[in-house]
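So the structure is just underneath, and the comments pick up after that.
Protein chains get the first letters and strands the later ones, always in sequence-line order, with residue 1 at the start of each.
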Amino acid sequence: MSQTAEPQARTRIERYDAASIEPRWQARWDELGLYRTDLHDDSRPKFYLLTMYPYPSGDLHIGHWYIKTPTDAIARYHRMHGENVFLPIGFDAFGLPAENAAIRNNINPRDWTMANIENMRRQLRSMGATFDWEAEVVTCEPDYYRWNQWFFLKFLEAGLAYRATSAVDWCPNDGTLAREQVEGADRHCWRCGAKVEKRDLPQWYLRVTNYADELLDFTGLDWPEPIKTQQTNWIGRSEGAELVFTTAPDDHQPGGHELRVFTTRPDTLFGATFMVLAPEHPLVSTLAAPERRAEVEAYVTKARAETEIERLSTDREKTGVPLGADAINPINGERIPIWIADYVLAGYGTGAIMAVPAHDERDFSFAKRFGLPIRRVVAPLGTIADDAVDDAYVAHAAGETLVNSGPYDGLPADIAGQQIVAELAKDGRARTTVTYRLRDWLISRQRYWGTPIPVIYCEECGIVPVPDEDLPVRLPDNVDYRGSGENPLARDEAFLNVKCPRCEGPARRETDTMDTFVDSSWYWYRYLSPEKSGGPVDAGLVRRWTPVDQYTGGAEHAVMHLLYAREFTKMMRDVGVIEQDEPFKRLFNQGQILGADGERMSKSRGNVEDPDELVKRFGADTIRLFLMFMGPWDQGGPWSPSGIGGVHRFLNRVWGVTLDPHRVEPGDPDAGRLPAGEDSASAAAAIRMAAHRTLRDVTADYEDFHFNTMVAKLMELTNVLVRYRGSAVAGTLEWDEAVRLLLLMLAPAAPHISEELWSRLLAGRGERWGSIHTETWPAVDASAIVEATREVPVQVNGKLRDRLVVPAGIDPAELERLVLASPRVQAHLAGHAPDRVIQAGGGRLVNVVVTD
RNA sequence: GCCGGAGUGGCGGAAGGGCAGACGCGGCCGACUUAAAAUCGGCUGCCCGCAAGGGCGUGUGAGUUCGAAUCUCACCUUCGGCACCA
């Protein structure tokens, strides 16, 4: 720090220089262990603040700062309220990018990951954030992933994990994917964007569909509505009925097979003019007539190859072929033809539908395409039953009744539906049922850099779980991971060949690893006891500290991480590890910082903003405040540094008014003088009022995460101080109080500069140093913000015409008299008598209503 | 197509039934300086007007209200999510 001695009597203060301040305080905080949380301290209320742990891609970008620095401000704010705050951090360290980088650069994925983590630790520290590094979790460490394996085996034992062979989504880079990890109509991989295809593979699943109904219940969760809506839609609960059709006898088969369909519209049963099975439906080959067999098989083969790739949109023209067999409608015995078509999905409902073209758009376009009959059975009020159907009538409207439906004609649709199901239910041909879109979670991945799934395949014993004492199944370090597109573990003989734990015979290890979303589904429980070796979590600490009080992170995880986390918590509960039903009590989704081009930041686009550079130029405090000031936190937006100078200037002014209150600015003719009409006493009261009003508003803004207005209000208060700087009130008790409040309010958001100025104030008064971050959040003095007079806007017919300054406690009748006496009001009344005079908000505003 | 969010100055945004545009950026003018930078002060929604003042203004159109950026309905634009879920 350069301290140039000057000849003047008063030593000139040095300029605000973040670079010389910030590292010093970061080191000091670290040294004092200010942010190590004593999890066993229950003398204070606990506050578990969690922010989504980063993937160690190598560099922190400005988006990480955007989520993490306001989260840190929340932590600091809560600490100033006497809460025992736990803000841990860790790394989501398994995953594809490490493996790809390893293949590209011929290095070990572990070395690549660990080097990145080291760099990101440094970058995270440069934020000045109060992470408790002692609790750090790195998921690629055996200490962590062995518990993934432990959980898996618990789930296996409880029937919550199972292996099944079916057509799964396959990404050429990532291997198999869970359903929610395939995006878009063109079916691409959520991570790498590659087109996904179907493969028949035996894979491991977690039975999350067990929790479908429970997951729909958000009671007690303070989550953003859009996330709850997205999850609700994803789970896709649908109430309806299962109806049993039977196959009709014909020349080549005796019939009598049951064909179950799921429908939400049992009321339209009389309108079923054909049936459609998914191409994968198990009865397809049984039912296909000999003369149709070739065509059917060709269609099935084509559907299999095309299914997920070519079904581009709902607009695609429907395809299908008839099986050459009929089904019998249970309600009226009618024979209707059975078709197969790929618009019926094997994985939803029963994989078969009754087609009611008059009342379903998809069935309608299929019927049109293949010339199948269309029969109206629900008629809106005023429709003639036998009018031609030009469009599927799907809506529900008051007054609609059934037609062409035998004994049910004339009944309202909903009543008729219930009666039809009840009638068929008598002999077991119908039941009400509920169907979900949610599928079980496919967790197998054919990649190296993940948690090995701890099972062994024995020729004699079949699937054998790895015994607990053999955990963890370690990822071998030196494998040939360079790629033939096959899992490197499958080529590692030492890993692959094991003895069966049961019969000691030759056996083979599972080579699939777990979806990395398994790692991120319970890491916040591990933060509470990262070193624990006897089990995955410390039950006592989990009971005390979870659910997490506040979780912050992006909304892009709505139906992935944020849903898996809820599912995993429920599974952990059901195997007796924890008692909690839900992981996160309150969730906040910050917006996303886009590149300057408005696109998502990515290295390949070259629009990534490097915070290290900005830290060097402006300091962490400026960046923290600028990101908070940009706009509402949940909004995000394209990165534009154009306003950053303004925020930096603000901190300069805070620096100036704090350290040099008597300075008189040369450029301002009024500098150093009190404003006209004010004396020292009124100026001091005005400063005090401004400070306490700001405190009231800023407190509310911190509570609501309205950081942009919080910063604006601190700027306003600072501007008030700048206006009085060098005048008679500078340095008075009221001035000092305002400065003290300003620094305390600024402390959570800009922790370094406020700490520096705080220490200088203490030193200036000869007091012992104590960190500003261990101070208590100040209380508003209500008496400081009451005014003697106030300004009342006056409207005539809703338009602002005047403002009156009146005594604060003015009587309403007196206020009305003053308002009507106003020359401007008189002018706009133009001689008419007012019809009404409305005093809004207890006289905060007056509106004079007149008709002319 | 369905579900959800958002439309306010040149720009980021504030106000969420009661003074539209807080705060900041940018711009213009000025002070300080030999000069520039930095810093400081003033002005800055649009239109008419020398001014006083007036008119118009929160995506569009209707409505509710004494009063609407804010509530209701319809539409337009835009950003997310879903992808034939029977």
Q: Write down the distance separating the P atoms in U72(B) and G7(B), rounded off to the nearest Å.
A: 14 Å
Q. In terms of base orientation, is G21(B) syn or anti, with the syn window spanning 90° either side of 0?
A. anti
Q) Paired with G49(B) by Watson-Crick or G-U wobble geometry, both distances under 3.5 Å: which nucleotide is it? A) none
(Q) Please confirm whether the shortest side-chain N or O distance from N708(A) to OP1 or OP2 of A14(B) is below 4.0 Å. (A) yes
Q: Write down the partner of G21(B) under the Watson-Crick or G-U wobble criteria, each distance required to be under 3.5 Å.
A: none
Q) Are Y343(A) and A86(B) close enough that a side-chain N or O sits under 4.0 Å from OP1 or OP2? A) no
Q: Just jot down the side chain to side chain donor-acceptor pair (under 3.5 Å) partners of Y564(A), sequence neighbours excluded, or say none.
A: E180(A), Q181(A)
Q: Examine F650(A) together with W655(A) and report whether their ring centres are nearer than 6.0 Å.
A: no
**Q.** E317(A) side, atom CD; R369(A) side, atom CZ - distance, nearest 0.5 Å
**A.** 4.0 Å
Q.
Rounded to whole Å, how long is the line connecting atom CZ of R836(A) with atom C1' of U65(B)?
A. 10 Å
Q: Side chain of L800(A) only, please: which of G24(B), A20(B), G53(B) is the nearest?
A: A20(B)
Q. Between G4(B) atom P and Q635(A) atom CD, what is the distance in whole Å?
A. 20 Å
Q: Quick one: label N652(A) by what it contacts on the DNA or RNA (base, sugar-phosphate, nothing), any heavy atom closer than 4.0 Å.
A: nothing
Q: Report the distance from atom CG of L594(A) to atom C1' of U78(B), rounded to the nearest whole Å.
A: 14 Å
(Q) If you apply the rule side-chain contact (heavy atoms from CB on, under 4.5 Å), what do you find for K318(A) with K368(A), and how did you get there? (A) CA-CA 10 Å; K318(A) 300 243 177 317; K368(A) 278 283 179 195; over 6 Å; no
Q: Side chain of R824(A) only, please: which of C23(B), G53(B), G4(B) is the nearest?
A: G53(B)
Q. Any idea which of C3(B), G24(B), G81(B) is nearest the F629(A) side chain?
A. G24(B)
Q. When rounded to the nearest Å, what value does the distance between P atoms of A31(B) and G45(B) take?
A. 24 Å
Q. Are the side chains of E816(A) and V819(A) in touch, meaning some heavy atoms are under 4.5 Å apart?
A. no
Q) Taking any strand in view, what nucleotide pairs with A35(B) in a Watson-Crick or G-U wobble way, both distances under 3.5 Å? A) none
Q. So which heavy atom on D342(A) is nearest to which on A303(A), and how close?
A. CB-CB, 4.4 Å
Q: Just grab all the side chain to side chain donor-acceptor pair (under 3.5 Å) pairs involving residues 624-634 of chain A, residues at least two apart or on different chains.
A: D72(A)-R624(A)
Q. Among G18(B), G81(B), A86(B), which nucleotide sits nearest the side chain of Q230(A)?
A. G81(B)
Q. Of all the nucleotides listed (A86(B), C56(B), A38(B)), which has the minimum atom distance to the side chain of T264(A)?
A. A86(B)
Q. Can you name the side chain to side chain donor-acceptor pair (under 3.5 Å) partners of H561(A), sequence neighbours left out?
A. Y551(A)
Q: Scan every strand shown for a Watson-Crick or G-U wobble partner of U65(B), both distances under 3.5 Å, and answer none if you come up empty.
A: none
(Q) Return the pairing partner of A14(B) with a 3.5 Å limit on both distances, Watson-Crick or G-U wobble; otherwise return none. (A) none
Q: Could you check whether the rings of Y348(A) and F262(A) sit parallel, tilted or perpendicular, using 30° and 60° as the cut-offs?
A: perpendicular
Q. In chain order, what residues pass the side chain to side chain donor-acceptor pair (under 3.5 Å) check against D704(A), with sequence neighbours excluded?
A. none
Q) Applying a 3.5 Å limit to both distances, which nucleotide forms a Watson-Crick or G-U wobble pair with C40(B)? A) G30(B)
Q: Please state how far atom CZ in F650(A) lies from atom P in G12(B), giving the value in whole angstrom units.
A: 23 Å
(Q) Roughly how many Å apart are G55(B) and G18(B), using the P atom of each and rounding to a whole number? (A) 23 Å
(Q) Categorize R801(A) for me: base, sugar-phosphate, or nothing, with a 4.0 angstrom heavy-atom threshold over every strand shown. (A) sugar-phosphate
Q: If A83(B) has a Watson-Crick or G-U wobble mate with both distances under 3.5 Å, name it; if not, just say none.
A: none
Q: Round to the nearest Å and state the distance from L714(A) atom CG to G24(B) atom C1'.
A: 13 Å
(Q) Using a heavy-atom cut-off of 4.0 Å across all strands, would you classify N847(A) as base, sugar-phosphate, or nothing? (A) base
(Q) Over all strands shown, is R723(A) touching base, sugar-phosphate only, or nothing at heavy-atom distances under 4.0 angstrom? (A) nothing
Q. What distance, rounded to whole Å, do you find between the two C1' atoms, one in C3(B) and one in U8(B)?
A. 26 Å
Q: Report the distance from atom CH2 of W190(A) to atom P of C82(B), rounded to the nearest whole Å.
A: 12 Å
Q. Across all strands, who's sitting opposite A74(B) as a Watson-Crick or G-U wobble pair, both distances under 3.5 Å?
A. U60(B)
Give each protein N/O atom lying under 3.5 Å from an N/O atom of nucleotides 25-28 of chain B, with the pair distance.
unit_1: C25(B); atom_1: OP1; unit_2: R649(A); atom_2: NE; d: 3.3
unit_1: C25(B); atom_1: OP1; unit_2: R649(A); atom_2: NH2; d: 2.7
unit_1: C25(B); atom_1: O2'; unit_2: S642(A); atom_2: O; d: 3.3

(Q) Output the rounded distance in Å from NZ (K713(A)) to C1' (G13(B)). (A) 13 Å
Q. C23(B) phosphate, OP1 or OP2: any side-chain N/O from R653(A) under 4.0 angstrom?
A. no
(Q) Work out how far the P atom of G10(B) is from that of C46(B), and round it to whole angstrom. (A) 7 Å
Q: Between G81(B), A22(B), C84(B), spot the one nearest the side chain of K318(A), thanks.
A: C84(B)
Q | side chain to side chain contact (heavy atoms under 4.5 Å, CB included) involving V722(A) - partner list, sequence neighbours excluded | A | R653(A), V657(A), T718(A)
(Q) I'd like the P distance from U64(B) over to A52(B), given in whole Å. (A) 38 Å
Q | Earlier contact from the 5' end, RNA chain B, for A840(A) and M715(A) | A | A840(A)
Q | Nearest-nucleotide pick for L845(A), side chain only, options being G18(B), G4(B), C82(B) | A | G18(B)
Q) In whole angstroms, how far is the C1' atom of A14(B) from the CG atom of D701(A)? A) 11 Å
Q) Roughly how far apart, to the nearest Å, are A6(B) and A15(B) at atom P? A) 14 Å
**Q.** Atom C1', compared across U33(B) and C40(B): separation rounded to whole Å
**A.** 13 Å
Q.
Once you apply a heavy-atom cut-off of 4.0 Å, does E556(A) come out as touching a base, just sugar-phosphate, or nothing?
A. nothing
(Q) On RNA chain B, does the nearest nucleotide to T350(A) precede the nearest nucleotide to I838(A) from the 5' side, or the other way round? Give the residue. (A) I838(A)
Q) Would one find a side-chain N or O of H828(A) under 4.0 angstrom from OP1 or OP2 of G54(B)? A) yes
